[in-house]
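So that the names make sense, note that chain A is the first sequence line, chain B the second, and so on, each numbered from 1.
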Amino acid sequence: MMEVSASSVSLREFGCEQTLLSRPDGSASFVQGDTSVMAGVYGPAEVKVSKEIYDRATLEVLIQPKVGLPGVRERSQEQCVRETCEAALLLSLHPRSSLTLILQVLHDDGSLLGCCLNAACMALMDAGLSMSCLFCGVSCAITADGRIITDPTAAQEKESRALMTFAIDSTERRVIMSSTKGSFSVHELQQCIAVSQKASEKIFHFYRDSVRRRYSKNL
Amino acid sequence: MFSSLKEKVGQVLVPGDEFGFEAEDSISLTESAKPERVVCGPGLRRSGDRLVVSKSGVLRHKPPHCFWIESQQRRYIPAKGETVIGIVTAKSGDVFKVDVGSSEQASLSYLAFEGATKRNRPNVQVGDLVFAQFIIANKDMEPELVCIDGSGRANGMGVFGAGGLLFKVSLGLVRRLLAPHSDIRADLDRLFPCELVVGLNGRVWVRSSSTQQTLIVANLLQSCDTMTAAQRQQLFRKVQQGAL
């Protein structure tokens with residue numbers, strides 16, 4: 001693991017609210033700068049026979065864009081989020097049932113996949129589903145001159161040479177999922193992972209604070 | 001492990017938090033070493049020689065050695081022995097299908113009512129509410145309900161009478177309502193008399209002397225989730241003075 005000073009990691013202002021919707025079993029909204037995603041979780045609920053898995057729960061992730069219908073981009077993001085959630089959730093505790101996670105994009109100003117992952121984690125936690133660890137999403141962009149920007153805005157993303165998103169687990173800060181775009185060297189990838197791991201500490205700290213605030217009323 | 005768990009009682013934990021088993025470096029020869037026993041409730045899982053938290057919530061402790069995580073979830077997962085309010089959704093042969101809000105419908109035999117025999121069938125219609133207890137509930141099998149206790153008595157269970165209102169609250173609030181010496185219940189007692197049936201699946205049924213009072217109780221309980229004790233008492237006091 002590389003040494004990264006905490007000052008080199010800058011994230012935009014982020015915020016979160018849990019249990020804001022009344023109908024789903026768990027819900028959360030996550031805001032990173034101007035990027036905002038709302039998540040709702042239903043489950044463990046009844047499952048269609050065609051989707052039933054005999055020894056674990058079926059997880060379905062749907063990403064709804066701000067305008068229009070979900071397309072190929074959303075499908076690939078859904079797969080990234082689903083695989084991350086499957087790694088963190090203890091799905092074998094609820095065999096033959098379905099979990100549905102719906103992510104509604106409210107505004108996209110860069111680092112959308114990272115924000116989706118964070119919203120998903122908060123919503124899953126709110127639903128009270130058993131998880132082996134938490135996870136968070138961090139996006140990094142490498143600029144044309146080789147600088148690494150964490151949590152880039154849409155403008156920074158557009159100017160960047162490469163864009164990466166990592167999902168990082170809370171126990172050992174390991175990478176669960178990575179999604180990359182553009183060209184970069186092995187060294188740059190390693191550096192981005194190290195920066196993301198550093199940034200994840202801030203996000204996990206924030207997770208804990210917001211859960212504490214939520215339960216402060218019945219301590 | 002025991003001491004590290006006890007330190008964290010009343011604190012908020014998130015999934016992934018761990019409790020290690022620290023072996024003591026030196027074993028005292030004079031004091032007899034007592035084996036530590038810990039009973040883990042919901043939200044705590046054993047993984048190897050560590051204890052891992054799997055739900056977010058407040059760590060609770062009941063002497064001598066029960067620990068669990070108290071969380072505010074809304075989806076019910078059946079557990080053996082728990083009493084729930086179910087809605088009869090189908091009659092098929094000799095069992096009723098009952099919706100209890102979990103991932104699968106529970107079955108309820110028509111013989112599992114007080115005084116029911118093959119001749120004397122209980123009068124249960126589709127859409128009726130039943131207060132029943134889980135006799136089989138595990139992740140691999142269809143859950144099964146009964147409306148009698150071990151000695152064949154109804155013991156408060158069975159089909160609901162007419163009137164009343166059913167509504168849903170969070171599972172955390174239900175457990176707070178059912179706790180012995182519950183402060184919410186004590187506050188409610190001071191308001192006006194009402195009949196309350198609380199199922200552990202988050203369903204609450206209320207009936208009081210008038211429709212208006214029933215609605216007041218329902219609205220008060222639904223708002224209890226997001227209030228501190230002081231806020232709740234203030235609201236109840238307002239209602240008592242006739243603000244609603």
Side-chain angles (χ1 to χ4, degrees), chain A residues 18-27 41-47 52 54-58 88-99 121-122 124-135 169-173 204-219, chain B residues 9-18 42-45 47 50 52-60 69-78 89 99 101-105 138-142 167-173 175-176 179 183-184 202 222 224-232:
Chain A
Q18 281 184 309
T19 341
L20 69 163
L21 302 174
S22 61
R23 303 287 292 177
D25 297 313
S27 53
V41 178
Y42 297 85
E46 241 168 304
V47 66
E52 190 177 281
Y54 69 92
D55 62 345
R56 64 190 173 91
T58 312
L89 284 165
L90 298 164
L91 291 173
S92 57
L93 291 180
H94 309 290
R96 292 167 291 100
S97 58
S98 86
L99 299 177
C121 184
M122 288 309 258
L124 293 174
M125 215 176 356
D126 184 49
L129 294 165
S130 293
M131 293 199 268
S132 57
C133 59
L134 297 177
F135 59 88
D169 82 300
S170 68
T171 46
E172 287 163 64
R173 305 273 186 275
F204 288 131
H205 194 76
F206 171 73
Y207 277 2
R208 196 177 285 272
D209 273 352
S210 58
V211 173
R212 195 173 291 146
R213 229 175 315 135
R214 191 189 154 209
Y215 282 100
S216 61
K217 282 180 181 151
N218 42 10
L219 268 178
Chain B
V9 168
Q11 288 190 27
V12 175
L13 299 176
V14 294
D17 288 354
E18 283 184 357
L44 292 171
R45 289 171 59 78
S47 145
R50 292 163 307 146
V52 186
V53 177
S54 64
K55 277 181 192 175
S56 69
V58 186
L59 183 69
R60 297 285 186 210
I69 298 281
E70 189 183 271
S71 63
Q72 291 276 352
Q73 66 189 67
R74 276 193 254 177
R75 176 67 65 159
Y76 179 67
I77 292 156
T89 54
D99 167 40
S102 69
S103 64
E104 213 174 346
Q105 301 221 330
N138 61 50
K139 64 183 167 100
D140 300 307
M141 285 165 71
E142 183 188 39
F167 57 96
K168 281 198 77 178
V169 294
S170 85
L171 301 188
L173 181 66
R175 275 184 243 111
R176 269 158 67 198
D183 42 351
I184 301 179
Q222 275 174 321
C224 274
D225 240 342
T226 51
M227 285 190 288
T228 60
Q231 285 172 323
R232 186 183 65 232

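Contacts of Ser130(A) classified as side chain to side chain contact (heavy atoms under 4.5 Å, CB included), with partners at least two apart in sequence or in another chain: Leu90(A), Leu93(A), Ser54(B), Lys55(B). Not counting sequence neighbours, Ser92(A) has no partner by the side chain to side chain donor-acceptor pair (under 3.5 Å) test.
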Does the pair Met125(A) and Ser56(B) meet the rule for a side chain to side chain contact (heavy atoms under 4.5 Å, CB included), with working shown? CA-CA 6 Å; Met125(A) 215 176 356; Ser56(B) 69; 3.5 Å; yes

Please evaluate residues Gln72(B) and Tyr215(A) with respect to the criterion side chain to side chain contact (heavy atoms under 4.5 Å, CB included), reporting the C-alpha separation (whole Å), side-chain torsions for both, the decisive distance (0.1 Å), and the verdict. CA-CA 9 Å; Gln72(B) 291 276 352; Tyr215(A) 282 100; 3.6 Å; yes

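The contact between Asp17(B) and chain A is made entirely by side chain atoms (from C-beta outward), counting heavy-atom distances below 4.5 Å. Residue Thr19(A) touches chain B through both its backbone and its side chain, counting heavy-atom pairs closer than 4.5 Å.
Contacts with chain A were tallied for Lys168(B), Gln73(B), Gln105(B), Arg74(B); Arg74(B) has the most, counting heavy-atom pairs under 4.5 Å. Ranked by non-hydrogen atom pairs under 4.5 Å with chain A, the options Ser71(B), Gly43(B), Ser47(B) are led by Ser71(B). Among Leu13(B), Asp140(B), Ile69(B), the residue with the largest count of heavy-atom pairs under 4.5 Å with chain A is Asp140(B). Contact count versus chain B (heavy atoms, under 4.5 Å) is highest, among Ser97(A), Ala45(A), Cys133(A), for Ala45(A).
Put simply, the side chain of Pro44(A) reaches to within 4.5 Å of the side chain of Ile77(B), judged on heavy atoms.
The two atoms that bring Arg208(A) and Val14(B) nearest to each other are NH2-CG2, 3.5 Å, heavy atoms only. Between Lys139(B) and Arg96(A), the shortest heavy-atom contact is O-NH2, 2.8 Å.
The line from NE2 of His94(A) to CZ of Arg75(B) is 11.0 Å long, rounded to the nearest 0.5 Å.
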